[in-house]
2 protein chains.
Amino acid sequence: MTVKGREKGGAVPQGVVGRLPIYFRYLSELEHQGIERISSAQLGKALDFTAAQIRSDLSYFGSFGQQGYGYNVQDLLKQVRLILGLNKNYSMILIGAGNLGKAIACYSGFKMQGFEINAIFDIDPHLVGNFLEGTTIQHVDKLEDYLKENHVDVAILATPKNASQSMADLLGKSDVESIWNFSPAHLTVPDNVIVENIHLTDSLYGLVFRLNENREIRKQG
Amino acid sequence: MTVKGREKGGAVPQGVVGRLPIYFRYLSELEHQGIERISSAQLGKALDFTAAQIRSDLSYFGSFGQQGYGYNVQDLLKQVRLILGLNKNYSMILIGAGNLGKAIACYSGFKMQGFEINAIFDIDPHLVGNFLEGTTIQHVDKLEDYLKENHVDVAILATPKNASQSMADLLGKSDVESIWNFSPAHLTVPDNVIVENIHLTDSLYGLVFRLNENREIRKQG
DNA sequence: TAGATTGTTAATCGATTAACAATC
DNA sequence: TAGATTGTTAATCGATTAACAATC
């Protein structure tokens with residue numbers, strides 16, 4: 001089934017893509033609380049968006065509300081789930097089983113949503129052979145062969161900075177569709193590979209910039 | 001010393017704040033490689049931005065380049081470092097010493113940049129008393145008293161979803177200036193507290209959305 | 001000097017918001 | 001029906017880019 005908005009031609013703007021998971025998360029909470037209906041105004045208030053933005057975002061994909069009523073929480077949740085593609089299963093591999101890699105592998109947040117880590121690789125001989133969340137850590141030398149024999153939707157990259165581009169090159173030559181990059185490097189990849197970055201230090205530096213901005217403002221009145 | 005752009009009145013746009021750390025990271029690399037000069041065109045090519053955008057971003061804060069030459073890498077790096085506020089030290093605390101909290105505490109990326117975790121709290125009695133990166137894990141009951149006696153620039157929140165808002169409330173009542181939130185919750189805090197979110201699942205869901213978008217496009221030609 | 005590249009202005013593009021007819 | 005709230009259009013706002021005079 002094709003979702004309405006996709007046919008409109010243009011790709012969905014980044015801003016919208018970034019907000020969809022926020023809607024999904026909050027709607028899940030509401031459903032969990034047994035709340036049946038919600039209006040765009042209420043959603044906006046809870047999530048610090050304008051009501052218009054929420055309606056506009058959703059209208060990329062269809063008409064899910066009802067005048068005078070708002071949205072049915074369960075229905076809308078189902079729709080957003082479908083829009084995000086969370087009705088499917090995704091095969092992931094993890095490259096880099098250090099502290100961060102371990103934390104990601106153990107992170108319970110997405111296990112229930114059809115994401116599974118099917119293989120884990122590391123270069124450290126002390127880690128190779130160990131179990132992590134029920135998966136044996138393999139030497140990274142085995143990665144190339146693994147990629148030939150298995151389809152991977154998402155490769156999680158939690159390697160040190162200096163290793164990440166060469167790993168990305170390897171992944172780029174395979175049929176891996178996307179990289180979830182936790183390493184502090186700007187990856188160069190083929191056009192058809194999607195990269196989503198989690199840059200921890202960038203995030204912290206941005207925070208600190210705004211912190212200092214705040215201090216300036218308070219100082220000046 | 002006040003940086004030029006700040007006086008212009010308006011706050012620096014989010015987009016610019018988001019790109020500054022990327023410039024910083026890449027310039028650090030260039031300096032490390034011993035490269036002396038770079039033009040906005042070269043920077044743009046390496047980082048997938050337009051040259052105009054880079055010049056425009058930098059011009060918020062001053063004139064760091066030279067016509068016909070470009071930018072001196074060391075100089076520009078120093079300036080960006082100053083703009084971000086990385087010449088100062090920042091006192092951090094970590095709340096939640098689970099897998100993710102541990103990984104953050106051990107993450108080497110920001111240790112060298114003046115960030116220090118001075119206290120760690122958790123609610124799990126099995127963790128309390130343990131050492132993590134040279135710091136004893138305290139029971140979260142001690143947090144309130146700690147906040148009265150110590151100034152905290154950044155509180156790192158790595159708690160489960162259901163605990164994070166109550167922690168944020170506690171932090172909001174103290175003089176904590178900012179929260180680096182790793183929990184999958186939308187925090188409500190006083191106006192003067194800055195929140196920077198790392199929402200792992202949101203990031204993954206956004207990735208998956210684009211992955212499916214990509215598949216649609218390839219299918220249709 | 002000639003070539004290169006900045007910082008900035010004006011033009012363009014895109015995203016957000018306000019407003020409202022449609023209608024539950 | 002009257003009140004509420006949608007989906008969408010038009011207006012606004014802001015961010016990006018192209019172009020260029022200034023100048024190293």
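Owing to the predicted nature of the structure, the values given are computational and were not obtained by experimental measurement. Throughout, protein chains are lettered first and strands after them, A, B, ... in sequence-line order, and every chain is numbered starting at 1.
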Problem set entry | Who pairs with C:dC13 - Watson-Crick or G-U, where each distance is under 3.5 Å | D:dG14
Exercise. Rounded to whole angstrom units, what separation is found between the CZ atom of A:F64 and the C1' atom of D:dT8?
Worked result: 15 Å
For this session: For A:Y60 and C:dA15, give me the distance from atom OH to atom C1', rounded to whole Å.
Result: 8 Å
Problem set entry | Value in whole Å for how far the P atom of C:dT5 lies from CG of B:N72 | 15 Å
Seminar exercise, completed: By side-chain contact (heavy atoms from CB on, under 4.5 Å), B:I123 pairs with (sequence neighbours left out) B:H139, B:V140
For this session: Select one nucleotide: of D:dG7, C:dG7, D:dT5, the one nearest the side-chain heavy atoms of B:S59.
Result: C:dG7
For this session: Please check if the side chain of A:Q165 supplies one atom and the backbone of A:T188 the other of a donor-acceptor pair under 3.5 Å.
Result: yes
Exercise. Just checking B:G15: base, sugar-phosphate only, or nothing, at a heavy-atom cut-off of under 4.0 Å?
Worked result: nothing
Exercise. Taking a pair as Watson-Crick or G-U wobble with both distances under 3.5 Å, which nucleotide is matched to D:dG7?
Worked result: C:dC20
For this session: Would you check, one step at a time, whether the test side chain to side chain contact (heavy atoms under 4.5 Å, CB included) holds for B:D153 with B:H151?
Result: CA-CA 7 Å; B:D153 295 306; B:H151 178 73; 3.1 Å; yes
Exercise. Is the closest side-chain donor-acceptor distance between A:E216 and A:N212 under 3.5 Å?
Worked result: no
Seminar exercise, completed: Rounding to 0.5 Å, atoms CD1 (B:I194) and CD1 (B:I179) come to a distance of 10.5 Å
For this session: Find the distance A:Y71:OH to D:dT5:C1' and express it as a whole number of Å.
Result: 9 Å
For this session: Quickly work out the A:I54 CD1 to D:dT8 C1' distance and round it to whole Å.
Result: 16 Å
Exercise. Would one find a side-chain N or O of B:S40 under 4.0 angstrom from OP1 or OP2 of C:dT6?
Worked result: yes
Seminar exercise, completed: In B/S/- notation (B base, S sugar-phosphate only, - none; protein heavy atoms under 4.0 Å), nucleotides 17-24 of chain D written 5' to 3' is BBB--BBB
For this session: Take atom CD of A:Q14 and atom C1' of D:dT16, then tell me their distance rounded to the nearest Å.
Result: 16 Å
Exercise. Given C:dT6, is OP1 or OP2 found less than 4.0 Å from the side-chain N or O atoms of B:R37?
Worked result: no
Exercise. Is the A:Y205 ring parallel, tilted or perpendicular to the B:F115 ring (thresholds 30°, 60°)?
Worked result: parallel
Exercise. Are the side chain of B:N197 and the backbone N or O of B:H199 linked by a donor-acceptor pair below 3.5 Å?
Worked result: no
